[in-house]
Amino acid sequence: MTFADLGLDDSLLDGLDAMGFEKPTPIQEQVMPHILEGKDVIACAQTGTGKTAAYLLPVLDKISRQEFQHTSALILSPTRELALQIDHAFQGFSYYTGASSIAVYGGGDGQTFEREKRAMTEGASVVIATPGRLISHLNLGYVKFNQIDFLVLDEADKMLDMGFFEDIIKIIGFIPAKRQNLLFSATMPTKIRELARKIMNDPFEVNIAISKPAAGVTQTAFVVYDRQKPELLKRILTQRTDPSMLVFASTKQTVKDLERDLRKKGLPIRAIHSDLSQEERESVLLSFRSRQTKILVATDILSRGIDIDNIGLVLNYDVPGDAEDYVHRVGRTARAETTGEAITFIGEKDQRRFSDIEKLIERVIPKTEMPADLGTGPAYEPERKISSGKNKRPLFRKKRRPGPGGAQ
Ligand code: ADP
Ligand code: MG
């Protein structure tokens with residue numbers, strides 16, 4: 001199937017051509033005909049499969065056939081970064097269409113708020129917003145949402161994780177009941193089903209979430225003692241020649257420590273975490289995207305949805321708590337059929353969790369030998385109950401079970 005087979009407007013085909021999109025990805029091929037027909041759609045597919053275009057193109061197709069300018073679509077996104085990224089994709093696709101957009105995501109100064117207000121008063125074709133900031137505008141009364149045809153929830157799983165359920169319901173109160181609802185997500189927890197039941201109308205559903213990293217990613221792991229991690233990380237980062245490398249760590253503190261330590265060792269590294277202001281985050285991302293910064297160390301705020309091209313290496317400094325997050329982190333490399341590599345450090349307490357990931361992705365990830373001078377690592381024994389022998393007191397003694405009488 002080609003984009004032309006879908007009957008997309010010529011202005012969009014020109015835009016796609018300019019962006020080098022040759023044919024639709026599987027999720028695009030499956031959902032676009034239904035969206036173009038006017039149906040509600042729930043689409044679940046892993047990160048990096050091209051979900052943005054799957055909804056933006058049909059939305060833009062409708063807009064490019066309209067006669068006068070008004071806000072036709074509202075896209076809700078969990079984070080500022082994702083809102084900006086969707087807006088960026090929008091700029092590309094809509095280049096020849098005359099449609100306009102505004103990303104509404106908070107932070108910034110009074111001027112930003114005024115600019116958002118103006119765009120929404122004048123009826124930007126598409127509003128791409130984070131829920132909280134949008135509600136601030138809605139409460140002030142000037143937003144013109146009375147002709148909205150499309151409501152898109154992007155990264156719906158993430159929005160619910162972040163506690164936006166009530167906000168989403170509230171926002172829906174401001175838009176027409178007769179509208180087309182499009183819900184995109186990388187995973188499909190039951191919370192999403194609830195939301196869908198509440199707001200959607202007989203949705204067509206596509207689920208191609210296989211929870212597996214893209215085929216082009218080579219995945220390996222080191223089984224390590226925690227104390228071996230810093231030196232091993234430094235070794236790998238200095239030896240690799242990739243123009244862009246992304247290091248993930250689970251806590252903000254670890255991210256800050258790694259940035260400081262590695263910078264001291266002369267590595268070209270910057271960090272991104274939730275303590276940075278919006279401007280700081282953007283400047284770090286920009287510098288990484290443009291390859292001025294070779295290494296980025298980040299918490300999981302970056303692992304979902306953010307699209308940075310051609311990352312040669314994703315390195316998990318620790319095993320993420322949630323197996324799905326592993327897939328999201330590793331999904332930062334090998335986007336859209338390129339190749340990349342993902343290396344994970346399996347620390348002393350991470351073995352069980354890593355084996356859960358291996359089960360989820362239905363694949364045993366090869367364990368690499370430690371470089372000899374860094375000493376050997378522990379054995380990989382994820383099924384081992386509780387370490388015995390070396391511990392003088394077995395750990396299970398700490399768990400006091402109630403006696404036979406069940407006294408509390
Ligand atoms: P998702 O939202 O599913 O994580 P994105 O929409 O961010 O994925 O797309 C991932 C990457 O693939 C982006 O760089 C995007 O430009 C690219 N892409 C999407 N669709 C196509 C296509 N049909 N042809 C080529 N590249 C594509
Ligand atoms: Mg996406």
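Hydrogens, waters and symmetry mates are skipped; everything else that's a heavy atom, side chains included, is used. The shown structure was predicted, so the numbers you read here are calculated from the model rather than taken from an experiment.
Annotation for S77 and P131: closest pair O-CD, 3.4 Å, computed over non-hydrogen atoms.
For the side chain to side chain contact (heavy atoms under 4.5 Å, CB included) test, residues two or more places apart in sequence or in another chain that qualify with D14 are Y96. Residues passing the ring pair (Phe, Tyr, Trp, His ring centres under 6.0 Å) test with H70, sequence neighbours excluded: F68. By the side chain to side chain donor-acceptor pair (under 3.5 Å) test, S277 pairs with E280, sequence neighbours left out. For Q30, the side chain to side chain contact (heavy atoms under 4.5 Å, CB included) partners at least two apart in sequence or on another chain are V206, I208. Residues passing the side chain to side chain contact (heavy atoms under 4.5 Å, CB included) test with S250, sequence neighbours excluded: D318, R329. Partners of R235 by salt bridge (charged side-chain N to carboxylate O under 4.0 Å, His left out), not counting sequence neighbours, listed by chain and number: D373. Every side chain to side chain contact (heavy atoms under 4.5 Å, CB included) that Q292 has, sequence neighbours left out, goes to S287, S290. For T238, there are no side chain to side chain donor-acceptor pair (under 3.5 Å) partners, not counting sequence neighbours. Applying the salt bridge (charged side-chain N to carboxylate O under 4.0 Å, His left out) rule to K256 yields the partners D275; only residues at least two apart in sequence or on another chain are considered. Under the salt bridge (charged side-chain N to carboxylate O under 4.0 Å, His left out) criterion, K39 pairs with D202, sequence neighbours left out. D154 pairs by the salt bridge (charged side-chain N to carboxylate O under 4.0 Å, His left out) definition with nothing, not counting sequence neighbours.
Looking at Y105 and Q278, their side chains come closer than 4.5 Å, going by heavy atoms from C-beta outward. Counting heavy atoms from C-beta outward, N316 and V330 have side chains that approach closer than 4.5 Å. Looking at heavy atoms from C-beta onward, V284 lies in side-chain contact with L296 at the 4.5 angstrom threshold. Side chains of L183 and V152 form no contact here, defined as non-hydrogen atoms less than 4.5 Å apart. Residues L74 and F174 have side chains not in contact (no heavy-atom distance under 4.5 Å, counting atoms from C-beta outward). With a 4.5 Å cut-off on side-chain heavy atoms, L8 and L16 count as touching. Contact annotation: the side chain of T293 never approaches that of R291 to less than 4.5 Å [non-hydrogen atoms, C-beta and beyond]. No side-chain heavy atom of K191 sits under 4.5 Å from any side-chain heavy atom of F165.
The pair E358-R363 does not meet the salt-bridge criterion, since no charged nitrogen lies less than 4.0 angstrom from a carboxylate oxygen.
No donor-acceptor pair closer than 3.5 Å links the side chain of K349 to the backbone N or O of G347.
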Q: Check the pair T254 / L258 against side chain to side chain contact (heavy atoms under 4.5 Å, CB included), numbers first and verdict last.
A: CA-CA 6 Å; T254 315; L258 286 177; 4.2 Å; yes
Q: Apply side chain to side chain contact (heavy atoms under 4.5 Å, CB included) to L286 and E282, showing your working.
A: CA-CA 6 Å; L286 188 69; E282 267 163 43; 6.0 Å; no
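Between Y317 and F248, the ring centre distance reaches or exceeds 6.0 Å. A distance of 6.0 Å or more separates the ring centres of F150 and Y55.
Screening residues 124-137 for side chain to side chain donor-acceptor pair (under 3.5 Å), with sequence neighbours left out, gives S100-S125, E116-R133, E116-H137, H137-Y142.
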